[in-house]
Amino acid sequence: MSRTRRPHPRLPLRLRRGPQPWAQQRPTWPDAKPAVIADAVKAALARPSGNWFVLGAARDIAAGRAFGRTVAGVEVVAWRDAAGRLVAGPGACPHLGAPLALGPVHCGILRCRWHGLALDGAPFAGWEPFPAHDDGLLAWVRLDEAGGELPLPEPVLPARPRPAGAVAAVHTATGACEPEDVVANRLDPWHGAWFHPYSFADLTVAGPPADGERAEGIAVEVSFKVAGRAVVPVTALFTAPEPRTVVMHIVAGEGRGSVVETHATPLGPDDRGRPRTAVIEAIVATSRRPGFALARAAAPALRPLLRAAAARLWRDDLAYAERRWELRSSGRHPG
């Protein structure tokens, strides 16, 4: 008995019927209740992180060079040891405080440029490593004093597609705000079609959680714009697995299983005393279409396109997050 397999449409595109101008779309402000967003943010901030912070893209910490970033006010240096493992620790040389991130790495040994102190990742001369984790896409560091929580052996990671069946890219941007403001932006999907009309249309929040502690998250039906009336409709689910991360899973439609992870890493104050936060967004795209193998083969060319799309969105979304922090810090935020 032969089994009939339902064929995929040749193209995932749909044509919008009777698209409305931006100003005539249905207002979403009555649904985007400040209390609902505030409860979702409060629930996210209450979840454990185990004191893990995203340093950056794992591919940015390559063999032969050091990587430096200030995380939660702590200067951190990271590099690859002789076996290619991620190593992280204080970014100041224990001898006279030189910036270790400017030192060369040779055969897994980081050498201070000032006086040649050499580090292989093990404790030495007062230098103690921080716990580090490479999940294959992102590099993490655990800072127990800065985090102030009970430590976890590994970061809290969302489910992702298998690397062999996906195309992944990481985009980083920095704004004058706190991680809470980035999380609040991502837990307000109601703004999508209004604030990003170049990317989204026909957005409907299918069911905001009645209780911010519910694990199901916020389900959103939305169409990604391609060109003209051509769109790709999907259903997305937004969840916050830990206090500095919001994840969007595509749960129905084209690209089912794809993930966008938004990680907010506190840095330190800027020259005006404002907090600075790095938004490190990982896009992991997948598809069940047979032709997606060609996309994986073209991954080096696709990654810049994915990063460019993320950069365009975050130019707007960081303005949202920065505005929210400005209102909060002056006692004017209505939420």
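Residue numbers start at 1 and run along the sequence shown.
- Rounded to the nearest 0.5 Å, atoms CD (Glu254) and CZ (Arg288) are 10.5 Å apart.
- Under the side chain to side chain contact (heavy atoms under 4.5 Å, CB included) test applied with Val222, the options Thr235, Leu203, Val205, Val231 reduce to a single match, Leu203.
- In the displayed structure, Leu96 atom CG is contacted under 6.0 Å by more than 12 heavy atoms of other residues, nucleotides or ligands.
- Looking at Arg26 and Asp202, no side-chain N of the basic residue comes within less than 4.0 Å of a carboxylate O on the acidic one, giving no salt bridge.
- Grouping the Ile, Leu, Val, Met, Phe, Trp and Tyr side chains by contacts below 4.5 angstrom, directly or via other members, places Phe53 with Val74.
- Ring to ring, Trp194 and Trp22 are close: their centroids are under 6.0 angstrom apart.
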Pair Ile61, Arg80 - check side chain to side chain contact (heavy atoms under 4.5 Å, CB included), show working.
CA-CA 7 Å; Ile61 308 175; Arg80 301 285 177 180; 4.3 Å; yes
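- Contact check for Phe195 versus Asp317: side-chain heavy atoms found under the 4.5 Å cut-off.
- One finds the OG atom of Ser49 at 7.5 Å from the CG atom of Leu152 (value rounded to the nearest 0.5 Å).
- Nearest heavy atoms, Ala166 versus Pro161: CB-CB, 4.1 Å.
- Just one residue in the list Val77, Leu100, Val87, Ile109 forms a side chain to side chain contact (heavy atoms under 4.5 Å, CB included) with Leu119, and that residue is Leu100.
- Residues Ala168 and Arg303 share a closest heavy-atom pair of O-NE, 2.9 Å.
- The stretch residues 85-109 participates, sequence neighbours left out, in these salt bridge (charged side-chain N to carboxylate O under 4.0 Å, His left out) pairs: Asp81-Arg85.
- Inspection of the Thr277 and Glu178 side chains reveals no N or O donor paired with an N or O acceptor under 3.5 Å.
- Residues Arg274 and Glu326 are not paired through a salt bridge, judged by the lack of any N-O separation under 4.0 Å between the basic side chain and the carboxylate.
- Considering all non-hydrogen atoms of both residues, Val141 and Ala88 come closest at CG2-CB, 4.0 Å.
- Atom-to-atom distance recorded for Lys225:NZ and Tyr198:OH is 11.0 Å, nearest 0.5 angstrom.
- Rounded to the nearest 0.5 Å, atoms CH2 (Trp325) and CG (Leu318) are 14.0 Å apart.
- For the atom pair Cys93 SG and Arg111 CZ, the distance stands at 11.5 Å (nearest 0.5 Å).
- You'll find the side chain of Pro94 stays beyond 4.5 Å of the side chain of Phe124, heavy atoms only.
- With contacts defined as side-chain heavy-atom distances shorter than 4.5 Å, the pair Arg276/Pro269 does not qualify.
- Taking the six-membered ring where the residue is Trp, Trp79 and Trp127 present tilted rings, their angle falling between 30° and 60°.
- Two residues are said to be in side-chain contact when any heavy atoms from C-beta on lie closer than 4.5 Å; Leu138 and Trp140 meet this criterion.
- The existence of a salt bridge linking Arg307 and Glu281 is excluded, since no basic side-chain nitrogen approaches an acidic carboxylate oxygen closer than 4.0 Å.
- A salt bridge is absent between Asp188 and Lys33; no separation between the charged side-chain nitrogens and carboxylate oxygens falls under 4.0 Å.
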Step by step, work out the side chain to side chain contact (heavy atoms under 4.5 Å, CB included) result for Cys112 and His95.
CA-CA 9 Å; Cys112 177; His95 176 225; over 6 Å; no
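- Residue Glu145 qualifies as open at atom CD: its count of foreign heavy atoms under 6.0 Å is 12 or below.
- The environment of CZ in Arg162 is sparse: at most 12 heavy-atom neighbours from other residues, nucleotides or ligands sit within 6.0 Å.
- Residues Pro34 and Ile37 have side chains not in contact (no heavy-atom distance under 4.5 Å, counting atoms from C-beta outward).
- Ring orientation note: the planes of Tyr320 and His191 are tilted relative to one another, at an angle of 30° to 60°.
- Contact of the Phe238 side chain with the Val247 side chain is not registered, since no non-hydrogen atoms from C-beta on lie closer than 4.5 Å.
- Looking only at distances, a side-chain donor or acceptor of Thr28 sits under 3.5 Å from a matching main-chain atom of Trp190.
- A single hydrophobic cluster is not seen to contain both Val246 and Leu157; linkage of ILVMFWY side chains at heavy-atom distances under 4.5 Å, directly or through other members, places them apart.
- Closest approach of Pro179 to Pro266, counting heavy atoms only: CG-CD, 3.7 Å.
- When ring centroids are compared, Trp52 and His263 stay outside the 6.0 Å threshold.
- Side-chain heavy atoms closer than 4.5 Å link hydrophobic residues (I, L, V, M, F, W, Y) into clusters, and following such links, even through other members, never connects Val182 to Leu187.
- Applying the salt bridge (charged side-chain N to carboxylate O under 4.0 Å, His left out) test to every pair with at least one member in residues 50-73, sequence neighbours left out, gives no pairs at all.
- Ala240 approaches Ala44 most closely through the heavy-atom pair CB-CB, 3.5 Å.
- Of the residues Arg160, Arg186, Arg244, the one that meets the salt bridge (charged side-chain N to carboxylate O under 4.0 Å, His left out) test with Glu261 is Arg160.
- Looking at Val71, Leu143, Leu55, Asp144 one by one, the single match for side chain to side chain contact (heavy atoms under 4.5 Å, CB included) with Phe130 turns out to be Leu143.
- One hydrophobic cluster, built from ILVMFWY side chains closer than 4.5 Å, cannot hold both Leu302 and Val170; they sit in different ones.
- Taking all atoms of both residues into account, the shortest heavy-atom contact from Val259 to Ala159 is CG2-O, 3.6 Å.
- Checked by atom type and distance alone, the side chain of Thr286 pairs as donor or acceptor with a backbone atom of Gly165 at under 3.5 Å.
- Between the side chain of Ser258 and the main chain of Gly255, a donor-acceptor pair closer than 3.5 Å is present.
- Between the CD1 atom of Ile283 and the OG1 atom of Thr262 there is a distance of 8.5 Å, given to the nearest 0.5 Å.
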Evaluation steps, side chain to side chain contact (heavy atoms under 4.5 Å, CB included), between Trp314 and Asn185:
CA-CA 10 Å; Trp314 275 106; Asn185 169 268; 3.8 Å; yes
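- Of the possible polar contacts, none joining the Ser199 side chain to the His196 backbone as a donor-acceptor pair under 3.5 Å is found.
- You'll find the side chain of Val220 stays beyond 4.5 Å of the side chain of Thr204, heavy atoms only.
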Walk me through whether Asp181 and Arg328 qualify under side chain to side chain contact (heavy atoms under 4.5 Å, CB included).
CA-CA 9 Å; Asp181 304 298; Arg328 284 197 308 113; 2.8 Å; yes
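- Ile218 and Val234 fall within the same hydrophobic cluster, where Ile, Leu, Val, Met, Phe, Trp and Tyr residues are linked whenever their side-chain heavy atoms come under 4.5 Å apart, directly or through other members.
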